[in-house]
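What follows is a single structure, written as structure tokens, with notes after it.
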Amino acid sequence: MYHHPLGGATKHEESTTTTTVSDSSFVTSDELVRCWVAEGLLSSIRSPLDIPSGTHKVQNNHYCRSAYEVGRIVIHALQEYSLLPAYPDSAPTNSPAISSSQDAVTGLSKLAKDVPRLKQVELSDGAKSDRLRWVSFMNDDGRHVSWDWIEQRSAEFVTGERTISTLILRGCSDISGFPLDKVLNHRLRVLDLSYTMIDTLPPWLSLLLNLLLLSLRGCSMLNKLSPPPLNSSEGNKTPALAHLGNLQVLDMNGVPLLELTQQDGSNKSNLHYLDLSELPPSLAKLTNLLILHVEGTEIICFSDEIFEELQRLHTLKLINNKLLLSLPVSLSKANGLKELHIYNCISLRLQFLLELLPQYLEDIYIKAWEGFKDIEIHGHPNLTTFSLSGPWIRYLSLRGCRNFKTLNLSDDVMALEAVDLSGTAIEEIPHILPNQSQLKMLILLNVPCFKRFPWHQLVRFPNVFCLDHTADDNNEFLKTFTQQEICADEKQHREKTTNTAQLKINDSRIFHSFTADAARNLITNGQFLQSFKVHIGVRGKEPLNKEVELCSNMKKLSTYNDVHFSEAASIVPMMKLQPRERHVEMSAMDRYPHGLRQLPSVTHSILLRDDALVICLTDLNSSLMSLEECFSHMPYSE
């Protein structure tokens with residue numbers, strides 16, 4: 001029912017050589033989902049799949065998904081199969097621009113082409129109007145769907161009674177002349193008056209006692225909500241909005257109201273979505289509010305105790321609020337908050353805000369702005385996902401966020417110089433991170449053992465890279481691991497500045513995608529990874545005295561009766577290997593390490609700490625550059 005007119009440009013569009021989609025024609029996916037839920041087309045479900053980490057599992061090991069979460073999944077599926085245009089979740093209040101707008105218009109027009117037409121005069125035809133279920137005069141183009149379309153819902157149809165459940169007048173040019181008396185009824189669930197020229201709420205609104213969704217988005221002339229309802233006495237001046245006790249969604253984005261009165265906000269225990277351009281202090285009384293979307297406002301601050309009252313608040317979106325300076329300390333007490341979105345709030349002291357994050361917050365989405373360069377979130381107990389966009393951030397540290405798993409970087413993130421993800425549970429490194437053109441350091445200490453790494457997608461590599469599954473996630477690497485690497489060769493020690501990588505891993509499958517092309521592009525041609533040390537199969541910390549450990553192993557495992565400890569000790573100096581610039585050491589328990597077909601082709605020295613591993617070399621690439629160096633100091637007889 002949210003379709004674009006198939007004819008020429010309407011009065012809401014600009015007449016240019018390229019058709020421009022108007023505000024009223026742009027319907028976000030969030031708006032669609034909210035309408036579906038209000039109509040009862042979607043409901044909460046229990047799913048046995050994809051249970052989020054840290055989520056309380058309900059009976060039978062099922063995860064309860066809200067109807068809005070289900071709706072987002074449906075929207076994504078429709079877009080994947082090209083049944084809906086790829087609308088973003090939300091659009092800037094003051095900017096109707098849409099990428100690929102013509103494709104979006106075409107997509108909705110195709111979906112709407114078979115929806116029956118409707119003229120206003122037909123609303124007076126009782127035989128037809130009584131069977132109408134959904135009615136839309138969006139941008140003055142009439143469409144409808146009747147109760148006959150689906151048999152199982154026919155029980156809700158009552159002969160001789162108007163049972164319209166959805167009325168869409170979005171962008172309608174003349175609300176005052178529309179025959180509302182022919183369509184309004186107590187069964188109405190969805191009323192969309194967005195982008196119309198109404199200047200006050202009509203009094204008949206008080207009769208819609210079962211209304212679940214009211215959209216006044218973009219009603220730029222609406223400056224008061226307080227006319228008395230129909231049939232009111234002189235002593236009863238209760239505003240129409242106060243009668244809508246079942247209202248679940250109230251969208252007033254772009255409405256220039258100065259305040260909501262206590263009467264407007266009364267009887268709203270079912271309200272869980274409120275979208276305003278201004279925030280009155282009485283907002284804190286909406287204790288069942290789930291989503292707070294603050295966009296394009298001139299708000300400077302919030303009331304001190306607002307978030308302490310909103311304990312059920314699940315999602316907070318702060319978008320393009322350019323005068324917003326800070327959030328109150330009570331944000332840290334919003335124990336129900338799971339999602340935080342911050343986009344382009346250029347006056348906001350973000351680092352101070354990040355120190356107020358409530359402990360149960362799981363997902364953070366930030367679109368950075370100029371002048372904001374560093375992000376540090378350390379030791380947050382429940383942070384799971386972090387999404388970043390914007391070309392200004394240089395330093396990102398999520399160290400110690402032990403439940404953190406997913407890092408999302410948009411294509412416009414281009415200034416990152418240092419990233420520390422130590423002590424997290426990150427599952428996979430996105431290829432856009434090591435490919436960052438300015439990235440100098442990427443630190444991953446005390447992280448899970450990756451089974452894959454995007455070697456095949458890399459065109460560059462950070463100057464300093466440290467991946468260690470066993471090291472403590474502290475700042476010791478800043479003292480011991482720098483770009484100045486002492487490189488030894490057979491004749492002399494020389495110091496030079498180079499790319500440095502250090503990996504201590506338990507599973508060699510991380511090198512599965514280290515292909516011949518990756519080796520050539522990164523090292524041979526790309527001049528990256530010119531210095532690296534790879535330790536495979538490390539268990540715990542390295543022994544303090546490797547020579548003593550090696551002698552002990554020789555005495556224990558030697559098959560020669562005449563080889564004693566003293567003789568083994570005399571052999572060790574001859575066997576001692578000086579690691580070269582590119583060094584691989586294996587002490588794996590696995591006899592056949594996986595993924596090591598190409599790494600030895602660019603390796604200068606290899607040390608096998610268990611002779612049972614020698615057999616694995618028969619399956620490696622034959623182009624070992626200096627394998628003989630592993631054995632060059634051993635007597636021929638040994």
Side-chain angles (χ1 to χ4, degrees), residues 421-423 429 434 441-453 455 461-462 464-474 476-477 479-483 485-488 498-514 519 522-523 528-550 553 572 575-617 620-621 624-627 629-631:
L421 301 178
S422 300
I429 299 297
M441 181 178 291
L442 175 57
I443 305 299
L444 297 157
L445 303 176
N446 192 19
V447 295
C449 185
F450 302 133
K451 290 184 173 61
R452 58 183 180 181
F453 193 84
W455 302 106
F461 207 70
V464 173
F465 176 71
C466 185
L467 171 61
D468 193 333
H469 300 316
T470 62
D472 295 331
D473 51 313
N474 53 40
E476 289 301 313
F477 69 89
K479 302 176 182 177
T480 62
F481 190 70
T482 66
Q483 295 182 60
E485 180 75 1
I486 304 298
C487 303
T498 183
N499 298 106
T500 302
Q502 178 170 309
L503 290 84
K504 289 187 178 181
I505 55 178
N506 300 332
D507 194 331
S508 58
R509 284 177 292 183
I510 191 175
F511 288 105
H512 260 308
S513 64
F514 193 84
L522 285 175
I523 300 177
F528 296 104
L529 285 172
Q530 297 305 299
S531 174
F532 60 77
K533 289 183 176 64
V534 178
H535 298 252
I536 301 172
V538 175
R539 292 289 188 270
K541 296 184 177 181
E542 289 293 308
L544 295 176
N545 193 330
K546 294 185 179 181
E547 292 188 14
V548 171
E549 181 204 43
L550 183 57
N553 289 340
V572 168
M575 296 177 57
K576 189 175 181 181
L577 173 67
Q578 291 290 349
R580 302 296 298 275
E581 286 183 81
R582 305 177 197 161
H583 177 67
V584 174
E585 181 173 332
M586 290 185 281
S587 57
M589 301 302 178
D590 190 352
R591 195 175 178 88
Y592 302 98
H594 300 282
L596 294 181
R597 300 191 63 87
Q598 298 299 330
L599 183 63
S601 68
V602 291
T603 297
H604 289 166
S605 59
I606 298 178
L607 174 62
L608 304 180
R609 296 177 60 82
D610 185 344
D611 61 358
L613 290 168
V614 174
I615 193 172
C616 77
L617 296 176
L620 298 179
N621 191 290
L624 293 175
M625 295 181 64
S626 57
L627 177 60
E629 189 163 328
C630 294
F631 311 100

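Heads up: numbering here begins at 1 and tracks the sequence.
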Discussion item. Testing the basics here: between S508 and I505, what is the closest heavy-atom pair and its distance to 0.1 Å?
Written reply: CA-CD1, 4.4 Å

Discussion item. Looking at every heavy atom in both S422 and V447, which two are closest together, and how far apart are they?
Written reply: CA-CG1, 4.4 Å

Item to complete: Evaluate the criterion side-chain contact (heavy atoms from CB on, under 4.5 Å) for residue pair I510 and L467; output intermediate values, then yes/no.
Response: CA-CA 11 Å; I510 191 175; L467 171 61; 3.5 Å; yes

Worksheet item: Please walk me through it: do I523 and Q530 pass side-chain contact (heavy atoms from CB on, under 4.5 Å)?
Response: CA-CA 6 Å; I523 300 177; Q530 297 305 299; 3.9 Å; yes

Discussion item. Rounded at 0.5 Å granularity, tell me how far CG in L503 sits from CG in L599.
Written reply: 9.0 Å

Discussion item. Rounded to the nearest 0.5 Å, what separates atom OG in S531 from atom NE2 in H583?
Written reply: 11.0 Å

Item to complete: In sequence, state the C-alpha distance, the side-chain angles, and the governing distance for L529 and W455, and then conclude on side-chain contact (heavy atoms from CB on, under 4.5 Å).
Response: CA-CA 12 Å; L529 285 172; W455 302 106; 4.0 Å; yes

Worksheet item: Is the H469 ring parallel, tilted or perpendicular to the F450 ring (thresholds 30°, 60°)?
Response: perpendicular

Item to complete: Please answer whether the main-chain N or O of R582 pairs with a side-chain N or O of T603 as donor and acceptor at a distance below 3.5 Å.
Response: no

Fill in: Plane angle bin for F465 and F461 - parallel if under 30°, tilted between 30 and 60°, otherwise perpendicular
perpendicular

Discussion item. If I take atom CD from residue Q502 and atom CG from residue L444, how far apart are they, to the nearest 0.5 angstrom?
Written reply: 12.5 Å

Practice prompt. Measure the spacing between CE of M441 and OG1 of T500 and express it to the nearest 0.5 Å.
Written response: 9.5 Å

Worksheet entry | Residues forming a ring-ring contact (aromatic ring centres under 6.0 Å, His included) with F532, sequence neighbours excluded | none

Fill in: Minimum-distance pair of heavy atoms, taken over all atoms of P434 and P462
O-CD, 3.8 Å

Discussion item. Quick check: closest heavy atoms across I606 and P600, and the distance to 0.1 Å?
Written reply: CD1-CB, 4.4 Å

Worksheet item: Which distance, rounded to the nearest 0.5 Å, do you find between the CD of Q598 and the NE2 of H512?
Response: 12.5 Å

Worksheet, complete the sentence: Output for pair (L607 CG, H535 NE2), nearest 0.5 Å, gives 9.0 Å

